[in-house]
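Predicted model, so just to flag it, every value in this text is computed and none were measured.
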Amino acid sequence: MQIVYHAAHSADAQLVRGLLAEEGIRSFVFGGALEGGAGLLPVRVEVADEDAERARAVIQAWQDAAVPLDDEGDDEADRDYGDDATPEHVESGNLYRPLNQRLPSRHTGTGLGGIVFALIAGALGGAIATGIAMQPRNSQQPIDYDGDGRPDEALFYEGERLRRVEADRNGDGEVDQRTHYDDRGLTTEIEEDQDFDGVRETASRYENGQLAGRSADYDGDGQVDRQQTFKRGVLQSEQWFDRGGHLVKRIDYVDERPVSGEFDSDGDGVRDTARDYDPRGEISARRPLPAPTP
């Protein structure tokens with residue numbers, strides 16, 4: 001954003017804002033909300049960087065087109081027209097003058113109430129414009145790493161914050177990985193299509209940027225088939241579920257090495273066998289589990 005006009009007060013700023021709007025230039029008034037009983041405080045008009053040069057040109061052209069104050073201008077301003085309306089040539093000239101160059105008009109009836117209304121309207125308009133300006137703008141940045149004309153990744157921003165990255169890892173034109181980020185720029189979730197069938201069946205959850213959990217629905221029935229838990233990014237346990245949602249296999253890990261677990265050997269949905277693992281992850285011992293209490 002760049003300042004293109006310093007106004008005497010909100011009414012002046014809103015006049016310029018309307019002038020720019022007629023030229024298709026979006027502008028914002030700042031400082032109007034600071035006007036108070038102590039007097040009129042400076043108000044400024046700002047536009048986006050890419051519109052600044054054109055906005056200044058429009059304002060300059062408007063000011064240059066104002067009816068010039070010639071040597072007799074002061075006499076004209078001081079002239080008393082009595083009870084009659086101000087002559088038309090004075091009023092029409094005012095239409096093209098900046099506010100600080102306008103000649104007096106005695107029939108407008110604006111008075112103090114009109115000025116107060118203009119200031120309130122200007123302050124309100126400035127506050128609304130400021131709120132709109134503060135809203136983050138969404139943007140997207142495609143990246144083509146291999147130069148084949150198709151984006152391999154797309155970065156999605158909210159304002160200046162990266163919110164999401166979508167990736168096509170196998171070049172088939174479909175998004176097979178989607179990564180989400182929080183306000184700090186840390187990963188919160190990753191959705192993945194590991195078999196590239198068009199369905200992201202795996203979801204990983206992150207806490208403070210570290211992997212905390214991962215779940216997978218391999219058959220697409222909406223139920224978790226496999227679930228892993230992590231502590232500070234280190235694998236702690238792994239669970240498998242059948243179509244009925246029963247836990248049929250569990251493995252516990254220490255330093256990401258399996259140490260013990262339980263297994264449903266006959267497929268009845270009940271874990272009946274305990275297993276121990278050696279340092280290489282091979283089953284070193286097994287024993288039956290007690291039958292569950294009815």
Side-chain angles (χ1 to χ4, degrees), residues 134-264 269 271 275 277 279-283:
M134 294 299 291
Q135 293 294 323
R137 295 183 178 181
N138 297 332
S139 61
Q140 177 180 345
Q141 178 184 355
I143 302 177
D144 180 10
Y145 292 112
D146 53 15
D148 64 353
R150 293 187 299 185
D152 301 296
E153 284 188 351
L155 283 59
F156 295 83
Y157 291 87
E158 185 178 285
E160 296 183 354
R161 289 193 174 101
L162 178 63
R163 290 302 192 187
R164 187 172 81 252
V165 174
E166 296 183 352
D168 174 15
R169 295 178 294 177
N170 65 338
D172 64 353
E174 299 291 335
V175 174
D176 46 57
Q177 179 174 291
R178 180 177 291 162
T179 306
H180 301 266
Y181 300 89
D182 62 14
D183 290 343
R184 299 170 295 175
L186 299 178
T187 302
T188 59
E189 183 183 11
I190 298 179
E191 306 167 61
E192 297 173 282
D193 175 12
Q194 302 287 32
D195 54 8
F196 304 112
D197 65 349
V199 178
R200 292 183 293 276
E201 72 283 337
T202 304
S204 301
R205 177 176 55 86
Y206 291 75
E207 295 178 357
N208 296 318
Q210 294 183 330
L211 184 59
R214 179 182 290 129
S215 60
D217 175 15
Y218 294 115
D219 54 14
D221 63 355
Q223 294 185 344
V224 174
D225 298 316
R226 180 188 182 191
Q227 183 170 288
Q228 295 173 301
T229 59
F230 298 79
K231 184 176 182 180
R232 300 186 182 91
V234 179
L235 181 61
Q236 302 292 304
S237 66
E238 187 174 28
Q239 302 91 34
W240 291 80
F241 301 86
D242 63 13
R243 289 182 176 272
H246 304 106
L247 177 59
V248 294
K249 180 180 178 181
R250 174 187 176 93
I251 302 177
D252 295 318
Y253 292 79
V254 175
D255 298 331
E256 290 204 340
R257 293 181 178 180
V259 293
S260 63
E262 297 176 351
F263 176 64
D264 173 18
R271 299 185 306 280
R275 292 172 170 174
Y277 297 85
R280 296 177 299 176
E282 302 291 342
I283 298 174

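Not one N or O on the side chain of Glu207 forms a donor-acceptor pair closer than 3.5 Å with the backbone of Arg205. For Glu166 (side chain) and Ala154 (main-chain N/O), no donor-acceptor pair under 3.5 Å exists by modelled atom type. Put simply, the side chain of Glu201 gets close to the backbone of Gln194: a donor and an acceptor are under 3.5 Å apart.
For the residue pair Ser237/Gln239, the side-chain donor-acceptor check at 3.5 Å is satisfied.
The shortest distance between side-chain heavy atoms of Leu247 and Phe241 falls below 4.5 Å. Inter-residue side-chain proximity for Tyr277 and Val259 is flagged as unmet; no heavy-atom pair is nearer than 4.5 Å. With a 4.5 Å cut-off on side-chain heavy atoms, Tyr218 and Asp195 do not count as touching.
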Does the salt bridge (charged side-chain N to carboxylate O under 4.0 Å, His left out) test come out yes or no for Arg163 and Asp183, once each step is laid out?
CA-CA 8 Å; Arg163 290 302 192 187; Asp183 290 343; 2.5 Å; yes

Apply the test side chain to side chain contact (heavy atoms under 4.5 Å, CB included) to residues Arg200 and Val175: give CA-CA distance (whole Å), side-chain angles for both, the deciding distance (0.1 Å), then the verdict.
CA-CA 9 Å; Arg200 292 183 293 276; Val175 174; 4.1 Å; yes

What's the verdict on side chain to side chain contact (heavy atoms under 4.5 Å, CB included) for Glu153 and Gln177, showing C-alpha distance, side-chain angles and the deciding distance?
CA-CA 9 Å; Glu153 284 188 351; Gln177 179 174 291; 5.9 Å; no

Given side chain to side chain contact (heavy atoms under 4.5 Å, CB included), test Tyr181 with Thr187 step by step and report yes or no.
CA-CA 4 Å; Tyr181 300 89; Thr187 302; 3.5 Å; yes

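The shortest non-hydrogen separation linking Ile251 to Pro258 is CG2-CB, 3.7 Å. Smallest separation of non-hydrogen atoms from Ala216 and Thr202: CB-OG1, 4.0 Å. Of all the heavy atoms in Ser204 and Glu192, the pair that sits closest is OG-OE1, 4.0 Å. In plain terms, the two heavy atoms of Ser215 and Val224 that are nearest each other are CB-CG1, 4.1 Å. For Val248 against Gly269, the heavy-atom pair with the smallest separation is CG1-CA, 4.1 Å.
Going from atom NZ of Lys231 over to atom CD of Gln236 covers 6.5 Å, rounded to the nearest 0.5 Å. Separating the CZ atom in Phe263 from the NZ atom in Lys249 is a distance of 7.0 Å, to the nearest 0.5 Å. Atom CG of Leu162 is separated from atom OH of Tyr157 by 5.0 Å, given to the nearest 0.5 angstrom. We find the CG-CD distance between Asp168 and Glu174 to be 7.5 Å, quoted to the nearest 0.5 Å. Distance check, rounded to the nearest 0.5 Å: CD of Glu189 to OH of Tyr206 gives 10.0 Å. Rounded to the nearest 0.5 angstrom, Arg271 CZ and Arg250 CZ are separated by 7.5 Å.
Under the salt bridge (Lys or Arg N to Asp or Glu O under 4.0 Å) criterion, Asp242 pairs with no residue, sequence neighbours left out. Partners of Tyr253 by side-chain hydrogen bond (donor to acceptor under 3.5 Å, both in side chains), not counting sequence neighbours, listed by chain and number: Glu238.
Sorted by first and then second residue, the salt bridge (Lys or Arg N to Asp or Glu O under 4.0 Å) pairs with a member in residues 209-224 read Asp219-Arg243; sequence neighbours excluded.
Among Asp176, Asp146, Asp152, the one residue that satisfies the salt bridge (Lys or Arg N to Asp or Glu O under 4.0 Å) test with Arg169 is Asp176.
Between Arg184 and Asp182 there is a salt bridge, since at least one side-chain N of the basic residue sits less than 4.0 Å from a carboxylate O of the acidic one.
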